[in-house]
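Protein chains get the first letters and strands the later ones, always in sequence-line order, with residue 1 at the start of each.
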2 protein chains.
Amino acid sequence: MGQRNLGLAAVARLAGVSTATVSNVLNRPHVVAVPTRERVMAAIEELDFVPNRAAATLRQGTNRVLGLVIPDVVNPFYAAIVDAVVVAADRDRYAVVLCVSHEDPAREQRHFDMLAEQRAAGALVVPISADWSRLSQLRMVGTRLIVVDRSIDESEACSVAIDDVHGGEIAVEHLLGVPGSGISIVNGSHTIVQCEDRRTGARSALASAGLDPDSLVEFEMRDMTIEAGVEAGRRIAASGAPRRVFCTNDQLAIGVMRGLAETGVETPRDAAVVGYGDLAFGTEEARRLTTVGQPKQEMGEVAVAKLLAELQEGKAHRHSATTFQPRLVVRESTGR
Amino acid sequence: MGQRNLGLAAVARLAGVSTATVSNVLNRPHVVAVPTRERVMAAIEELDFVPNRAAATLRQGTNRVLGLVIPDVVNPFYAAIVDAVVVAADRDRYAVVLCVSHEDPAREQRHFDMLAEQRAAGALVVPISADWSRLSQLRMVGTRLIVVDRSIDESEACSVAIDDVHGGEIAVEHLLGVPGSGISIVNGSHTIVQCEDRRTGARSALASAGLDPDSLVEFEMRDMTIEAGVEAGRRIAASGAPRRVFCTNDQLAIGVMRGLAETGVETPRDAAVVGYGDLAFGTEEARRLTTVGQPKQEMGEVAVAKLLAELQEGKAHRHSATTFQPRLVVRESTGR
DNA sequence: TTGTAAGCGTTATCAC
DNA sequence: GTGATAACGCTTACAA
């Protein structure tokens with residue numbers, strides 16, 4: 001019960017061996033003779049010995065810790081990544097320090113500095129901006145970096161990302177196979193790289209089908225919420241825009257279906273709607289929505305795998321960028 | 001760019017002071033003369049010095065790290081707690097090590113041990129079981145504990161929880177104010193303490209209204225999913241059970257509404273449904289659902305506040321249990 | 001197979 | 001206000 005706090009030395013004394021041997025029992029059991037090992041284990045048990053990783057970190061210069069820096073943890077997309085990362089790291093006995101930047105560069109910077117001070121072995125980062133000077137502290141202490149869900153030059157770091165252009169392509173490709181004419185796109189701001197990429201993919205799908213990319217009828221909404229989607233749906237219904245609609249997230253898509261329905265345009269009877277993300281599971285409307293699924297768990301797992309590989313390889317490591325392809329999840333909203 | 005890695009000593013040399021002074025500049029700037037301080041800061045800048053927290057941890061016996069152990073991070077209830085905890089911890093410059101137990105006791109145990117080895121200053125735990133012997137390692141190294149979302153004897157640790165009994169009470173109280181007769185409850189397994197508590201609250205509300213608690217018509221479902229809710233809704237419709245229905249989570253509630261609707265029983269026209277949790281925001285059905293809201297962010301914040309207080313108070317600390325009251329979020333599903 | 005001993009980079013206790 | 005210096009607990013050559 002009491003809160004003692006001895007060290008290797010106490011264990012060594014009780015077991016009648018040296019500290020080096022105790023250390024070996026802990027880290028390289030195979031080099032220790034069996035009877036010695038057992039004596040040491042017994043002493044560890046007896047004293048409730050808890051190794052002090054700070055001492056090991058100090059000595060080795062690196063901590064069995066990975067940093068994970070994301071913009072938001074309530075967002076199910078990132079939550080899924082967090083889950084995958086935590087599981088993968090746990091498999092290799094790494095602790096994960098979670099940092100939520102909330103899109104605040106100053107906060108993100110503090111997180112980087114903190115991870116550097118902790119001598120984190122590596123960090124998985126969904127960066128707010130592409131300003132690499134911010135990472136100098138981490139570089140300085142040798143923390144390895146993986147950029148997640150953003151692309152970056154391979155000379156800088158490893159990265160994993162999901163190909164949003166392809167996501168836009170398969171969405172529109174699918175819509176083109178549904179009866180109707182023309183394509184509408186309901187998008188967020190073009191300044192968001194994901195939105196821009198998905199739109200690029202949409203245009204590319206039109207081009208591949210021998211259609212004019214400029215024939216895409218665009219609705220650029222300020223927010224990417226259900227409300228904004230409803231507004232877009234109304235405008236589509238009112239303006240006679242194409243009723244094969246690609247929305248760049250699921251909320252917009254659900255809103256669009258609702259906005260269309262207000263004037264009696266039912267999906268999928270009179271319209272076809274494709275969303276993006278496949279995140280809002282478990283709700284009625286999402287269950288009917290054809291959408292673009294993103295392999296986020298896989299991305300998280302591979303990110304950790306890359307990081308651990310880089311840690312093993314050391315100097316010999318060469319950065320690489322991995323891209324994951326989204327796949328279409330076909331449901332009712334495009335089934336005529 | 002190079003990866004140097006000096007220490008206080010190098011900074012001290014460059015600034016022409018002792019390591020003690022550099023340490024003071026970092027930790028107690030006010031005791032250092034201004035010109036000296038400035039010279040030291042310049043040297044720190046010049047050398048890109050990054051303090052090594054492992055050394056400080058080793059010396060001080062405690063790490064500026066909080067552990068957060070939860071069963072699941074994709075679940076929005078826990079995600080909200082994680083967010084609140086991370087923000088609160090960040091305010092006081094604590095790093096948060098996230099551990100996801102996935103309901104696996106062995107894994108949870110590893111997490112505890114790991115936090116002990118890291119000499120975490122404290123840990124916020126949503127424990128799988130109430131087996132306190134599991135925490136011996138943590139106790140041994142002086143890590144302070146706060147139990148979150150579970151109750152525990154005040155002699156053991158501080159805790160924060162949400163009063164599920166009261167949640168059940170206000171839900172049924174509200175249903176009793178809606179036209180109709182009798183109350184149905186759609187619940188998960190009674191072995192889940194939250195389910196049992198919410199049911200207890202429901203019975204208590206009946207009693208307070210002068211009704212027989214045993215008049216509560218119960219449906220105990222194996223899962224707490226939308227599907228299970230649909231099944232319950234069908235059974236309610238078929239059996240003529242009371243159509244004022246309290247469901248112990250939102251998924252069940254959404255399912256019940258759907259199941260009822262299959263036989264033309266529309267909510268709120270012919271039925272009143274109350275859910276629990278207020279988590280599935282942004283979906284059409286959830287927007288219409290009267291439900292019991294849980295102050296989860298507040299719980300997370302207070303948990304960290306308690307932990308930090310305990311860390312400050314040290315020996316003098318006395319444990320305490322804080323209970324948060326849920327509040328009813330009234331929406332369409334009970335509005336006749 | 002085991003022991004010896006030199007650090008790792010801080011912080012804290014004294015002197016000055 | 002500042003400087004020496006002794007821990008803190010572990011890992012790792014190297015020696016035996």
What pairs of donor and acceptor atoms, side-chain ones from residues 29-42 of chain B against any protein atom, are under 3.5 angstrom apart with sequence neighbours left out?
unit_1  : atom_1 : unit_2  : atom_2 : d
B:Arg37 : NE     : B:Pro29 : O      : 3.4
B:Arg37 : NH2    : B:Pro29 : O      : 3.4
B:Arg39 : NH1    : B:Ala15 : O      : 2.7

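- When side chains are defined from C-beta on, B:Leu6 does not count as touching B:Phe49, because their heavy atoms never get closer than 4.5 Å.
- Distance A:Arg53 CZ to D:dG9 P: 16 Å, rounded to the nearest Å.
- A:Thr57 comes within 4.0 angstrom of nothing in the nucleic acid, heavy atoms only.
- Judged by distance alone, the side chains of B:Arg134 and B:Gln109 do bring a donor and an acceptor atom under 3.5 Å apart.
- The stretch residues 64-91 of chain A participates, sequence neighbours left out, in these salt bridge (charged side-chain N to carboxylate O under 4.0 Å, His left out) pairs: A:Asp90-B:Arg107, A:Asp90-B:Arg110.
- Rounded to an integer number of Å, the gap from B:Leu26 CG to C:dA12 C1' is 15 Å.
- Rounded to whole angstrom, the span from the CD atom of B:Gln60 across to the C1' atom of C:dG9 amounts to 12 Å.
- Side chains of B:Asp149 and B:Lys296 form no contact here, defined as non-hydrogen atoms less than 4.5 Å apart.
- The separation between A:Glu38 atom CD and C:dT2 atom C1' is 17 Å, rounded to whole Å.
- In this structure, of C:dA5, D:dG9, C:dT11, it is D:dG9 that holds the atom nearest to the side chain of B:Leu58.
- Mapping B:Arg59 and B:Asn24 onto DNA chain D by nearest heavy atom places B:Asn24 at the nucleotide closer to the 5' end.
- Taking only side-chain nitrogens and oxygens, A:Arg28 comes nearer than 4.0 Å to OP1 or OP2 of D:dT12.
- Looking at B:Glu313 and B:Lys306, no side-chain N of the basic residue comes within less than 4.0 Å of a carboxylate O on the acidic one, giving no salt bridge.
- One finds a side-chain N or O of A:Thr21 lying less than 4.0 angstrom from the OP1 or OP2 phosphate oxygen of C:dG3.
- For A:Ser18, the listed nucleotide lying nearest its side chain is C:dG3; candidates were C:dG3, D:dT2, D:dC10.
- Place A:Thr19 and B:Ala20 on DNA chain D by their nearest nucleotides, and B:Ala20 ends up nearer the 5' end.
- Following rounding to the nearest Å, B:Asn63 (CG) and C:dT11 (C1') show an atom-to-atom distance of 15 Å.
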Give me, pair by pair, the N or O atoms of the protein and of nucleotides 14-16 of chain C that are less than 3.5 Å apart, along with how far apart they are.
none

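- For the pair A:Gln297 and A:Ile81, the minimum side-chain heavy-atom distance is 4.5 Å or more.
- Nucleic acid contact class of A:Val22 (heavy atoms, under 4.0 Å, all strands): none.
- For the pair A:Arg13 CZ and C:dG3 P, the interatomic distance rounds to 14 Å; values are reported in whole Å.
- A 4.5 Å side-chain heavy-atom check between A:Phe112 and A:Thr143 finds every atom pair outside the cut-off.
- Phosphate contact (OP1/OP2 of D:dT2, side-chain N/O of B:Thr36, threshold under 4.0 Å): present.
- Separating the CG atom of B:Asn52 from the C1' atom of C:dG7 is a distance of 14 Å, rounded to the nearest angstrom.
- In this structure, the CG atom of B:Leu8 is 17 Å from the P atom of D:dT5, given to the nearest Å.
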Given pairs defined as Watson-Crick or G-U wobble with both distances under 3.5 Å, what dot-bracket annotation applies to DNA chain D, with ( ) intrastrand, [ ] crossing, | other strand and . unpaired? ||||||||||||||||
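- Residues satisfying the side-chain hydrogen bond (donor to acceptor under 3.5 Å, both in side chains) test with B:Ser129, not counting sequence neighbours, are none.
- Judged as a ring pair (Phe, Tyr, Trp, His ring centres under 6.0 Å), the pairs with a partner in residues 301-323 of chain B (not counting sequence neighbours) are, in order, B:His317-B:His319.
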